[in-house]
Amino acid sequence: MQEPAIQNIFIDKRPEQLKMNVLLFVLGIVIVGTLGYDFGWQTAVAGLREDAGHQLDSYVGALTSELNRYGYLPAVIALNGTVQRVVLHPDDPRAVLQANRFLEAANREADAAAVYVMDLQGKVLAASNWRTNISFVGKDFAFRPYFREAKAGRTGRFYGIGTVSHAPGLFFSRPLSVGGRIIGVIATKVSLGKLVLPWLGGRDPILVADGNGIVFLTSVPKWRFESLDPLPPATIRHLTETRQYYAAAPLKPIGLVHVGKAGEASLVDAPPIDGGPGNKSRATEFLLSRSPVPKTDWQILLLSDLRPVAGSAHRMALALAALMGLGEALALFLLQRRRSVADRLLAREALEAAYNELEQKVVLRTRDLREANSNLQREIDERQRAESELSSTFEELAHASKMAALGQMATEVAHELNQPLAALHTLSDNAIVFLNQSREEEARGNLAAIARLVRRMAKITGDLKVFARKAPPKVEPVIASEALNDALSLLGQRLDQEKIALAVHFPEDEPPVMGDKGRLQQVLVILLSNAADALRDAPDKRIDIFFVVEALALGESVRYAELTVADSGTGLSASDLERLFQPFFTTKPQGGGLGLGLAIAQGILRGFGASIKAGNRAGGGAEFTVRLRLAKETGRFE
Ligand code: ADP
């Protein structure tokens, strides 16, 4: 139950979360970049506006001081008697000459374009430029607004293009009064070209526009006498009347397009102005700031290039976006770390839980195992007890069977001993006779025969003793043929009597097997006795004994030996084969057998790790094969 949880922790890389994080990351940068651009733009525009304000102030100051400088000139001139005289006596050549000279001298000091005096009809009576080919003397300026203003008793101020000189200039005027009566007008023309000169070097275009919005002074030559906005027809008519911009172009609009506002200033698109001497700027987007010129209806306009603003806005956007990116990366890193720590904690908890569960399972299983183990041990103990009981039963049985066999054999043994005893009797009697007859040689022969017979008898009784002995089994290397010889020494007599042919097939270098010699002899006695029983009525009485060394399987190094006792007797029926080794199974007539022989033989063989099986021979008769462990299982055959 714990495993899927652990898997989830390790396998789940949260791809959805990752996608979301990347999206937020990018979004954050974009938003901050945009805000940064906006902020950068606003800040830079504000700075630019402030700069422009300062610049405009200085231009307004310069212009105002220029205006003031020349504004007083007509008033001073009006005080002069020579000037008054020429107005009072316009036909007096001397008065005209004096006035001309005076005005010429005064203007030399004032450094204006011209200073002149007019009568009330607007006709110039005397002028500072009376000697030049653009002399104003005799000219009629009644149509000029500044004349009309002065004639009406006010001071006039006017910017226009000279109808005589065709040069643009600023005109100042004031009435000439004698005894409170206006008798004429004094005017001064000032060229403002000097004022424009320093502007030409500036980076940003400067414009000075009159009350009608006509640009009359500018650092961009091609904009001169163009209007800020399209002019209404009435204005154009008025301008034509006053010939203000006498020889100028048809006063078309510059083409400034307002695209936005920035405080009091506005953002404008301007037509390209490159190529002009005053401005090399290729910019077309500007911040337009304006400032009125005091005591006039004029205004000064300054166009500030917006490209540096865009540049600094870009820089600000980049810087803030980069900062944001860094901050976000840091935040993501911290978040990720916290999450991975949390994940690790979770994984550890899950692992701990799994481990605890496992441990619990192990405890339970161990307990089960221990129980199973102790059950097994109990069963083993019981089995061992049963086995030892069985084996002691077998021991008893074996002994009983031996005793039974002994009983059976007793007659045979008695018969066997009777013959030598009779022979001994005869031989010893004869020996006495021979000795009495001093036939020592024959007596010696008889004694030797007696000794042989005694040895044979001793062997018979000795074998019987060994057979009857109830000794505990011991498992050791045994030569099977020796056990066979012992068995035959007990049964040989019977086999001979019953005319049973015996053939023994043992290899020359017979390997020792594991077992107890006495017991193996006992097994062989049982098998041989059974064979002899089965051969009782057989026409061909024959017993074959084989000893063969076999490998467990082809190429196996572990080998064993098979000792087979085969006869040519009745053989075994299928039902006999099933029950052969059961105790008390016998086919022999009453008093013939107990049915214990094979059961005992099997018990004995199990005792030293051997086994027995029964079968029928191909040519008739039964065969019993005992499989014995070799004393050296991996032996000389290798
Ligand atoms: P018993 O010899 O006292 O009958 P065994 O256990 O030795 O008891 O033998 C059981 C039975 O197995 C015998 O009664 C006999 O029927 C059968 N049997 C044993 N050996 C042979 C043999 N070589 N040929 C035929 N039958 C045999």
Side-chain angles (χ1 to χ4, degrees), residues 390-391 393-412 467-468 480 483-484 486-488 490-505 518-547 562-607 610-627:
L390 196 66
S391 104
T393 310
F394 267 122
E395 287 300 315
E396 296 300 320
L397 273 175
H399 192 63
S401 125
K402 267 196 296 193
M403 291 303 130
L406 271 178
Q408 237 180 4
M409 280 187 266
T411 345
E412 288 162 27
F467 186 75
L484 180 65
D486 293 345
L488 287 177
L490 286 175
L491 289 175
Q493 191 74 25
R494 178 180 173 192
L495 299 183
D496 283 349
Q497 273 177 0
E498 294 181 13
K499 305 229 170 0
I500 295 172
L502 182 72
V504 179
H505 313 272
R519 305 217 164 206
L520 191 55
Q521 176 211 355
Q522 202 178 338
V523 169
L524 286 168
V525 166
I526 291 168
L527 294 181
L528 287 168
S529 305
N530 278 348
D533 288 345
L535 286 170
R536 188 155 288 149
D537 301 318
D540 174 30
K541 301 182 183 189
R542 183 183 170 77
I543 295 179
D544 286 294
I545 301 174
F546 303 95
F547 183 92
E562 280 188 346
L563 181 59
T564 305
V565 176
D567 60 58
S568 54
T570 49
L572 301 158
S573 71
S575 66
D576 289 355
L577 275 171
E578 271 176 27
R579 305 164 59 204
L580 225 45
F581 296 98
Q582 290 175 1
F584 306 110
F585 170 75
T586 179
T587 57
K588 289 170 190 170
Q590 194 77 39
L594 288 171
L596 284 172
L598 289 177
I600 287 163
Q602 196 177 44
I604 289 170
L605 289 169
R606 272 193 195 137
S611 64
I612 182 167
K613 66 174 196 241
N616 283 310
R617 297 184 85 180
E623 68 174 13
F624 287 82
T625 303
V626 174
R627 179 177 283 189

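Every number for a ligand or one of its atoms is a count from 1 in the order of the listing.
Residue contact check for ligand 1: Ala614 places no non-hydrogen atom closer than 4.0 Å to it. Residue contact check for ligand 1: Phe581 places no non-hydrogen atom closer than 4.0 Å to it. Not close to ligand 1: Gly569, with no non-hydrogen atom less than 4.0 angstrom away.
Between Phe624 and the options Leu528, Leu524, Leu598, a side-chain contact (heavy atoms from CB on, under 4.5 Å) holds for only Leu598.
Arg606 contributes atom CZ, which lies 11.0 Å from atom CD1 of Ile612 (distance to the nearest 0.5 angstrom). Taking CZ from Arg627 and OG1 from Thr564, the interatomic distance works out to 10.5 Å, rounded to the nearest 0.5 Å. For the atom pair Asp540 CG and Lys499 NZ, the distance stands at 14.5 Å (nearest 0.5 Å).
Of all the listed residues (Asp576, Leu580, Val565, Thr586), Leu580 holds the heavy atom that lies closest to atom 17 (C) of ligand 1. Compare Arg579, Lys588, Glu623, Gln602 by their heavy atoms: the one nearest to atom 1 (P) of ligand 1 is in Lys588.
Here's the thing with Leu598: one of its N/O atoms is less than 3.5 angstrom from an N/O atom of ligand 1.
Between Phe546 and Ala566, the closest heavy-atom pair is CE1-CB, 4.5 Å.
At least one side-chain heavy atom of Leu495 sits less than 4.5 Å from a side-chain heavy atom of Leu488. Annotation: side chain of Leu490 is not in contact with side chain of Asp486 (no heavy-atom distance under 4.5 Å).
Close approach to Gly571 involves these atoms of ligand 1, each under 4.0 Å from a residue heavy atom: 25 (C). Atom numbering of ligand 1 starts at 1 in the shown order; those under 4.0 Å from a heavy atom of Phe585 are 10 (C), 11 (C). Residue Ala531 approaches ligand 1 through these ligand atoms, each under 4.0 Å from one of its heavy atoms: 23 (N).
Remark: Arg536 pairs with Asp533 by the salt bridge (charged side-chain N to carboxylate O under 4.0 Å, His left out) rule, at least two apart or across chains.
If you look at Thr570 next to ligand 1, the close heavy atoms, those under 4.0 Å, all belong to the side chain. Residue contacts with ligand 1 for Leu527 are absent, since no atom lies close enough (heavy atoms, distance under 4.0 Å).
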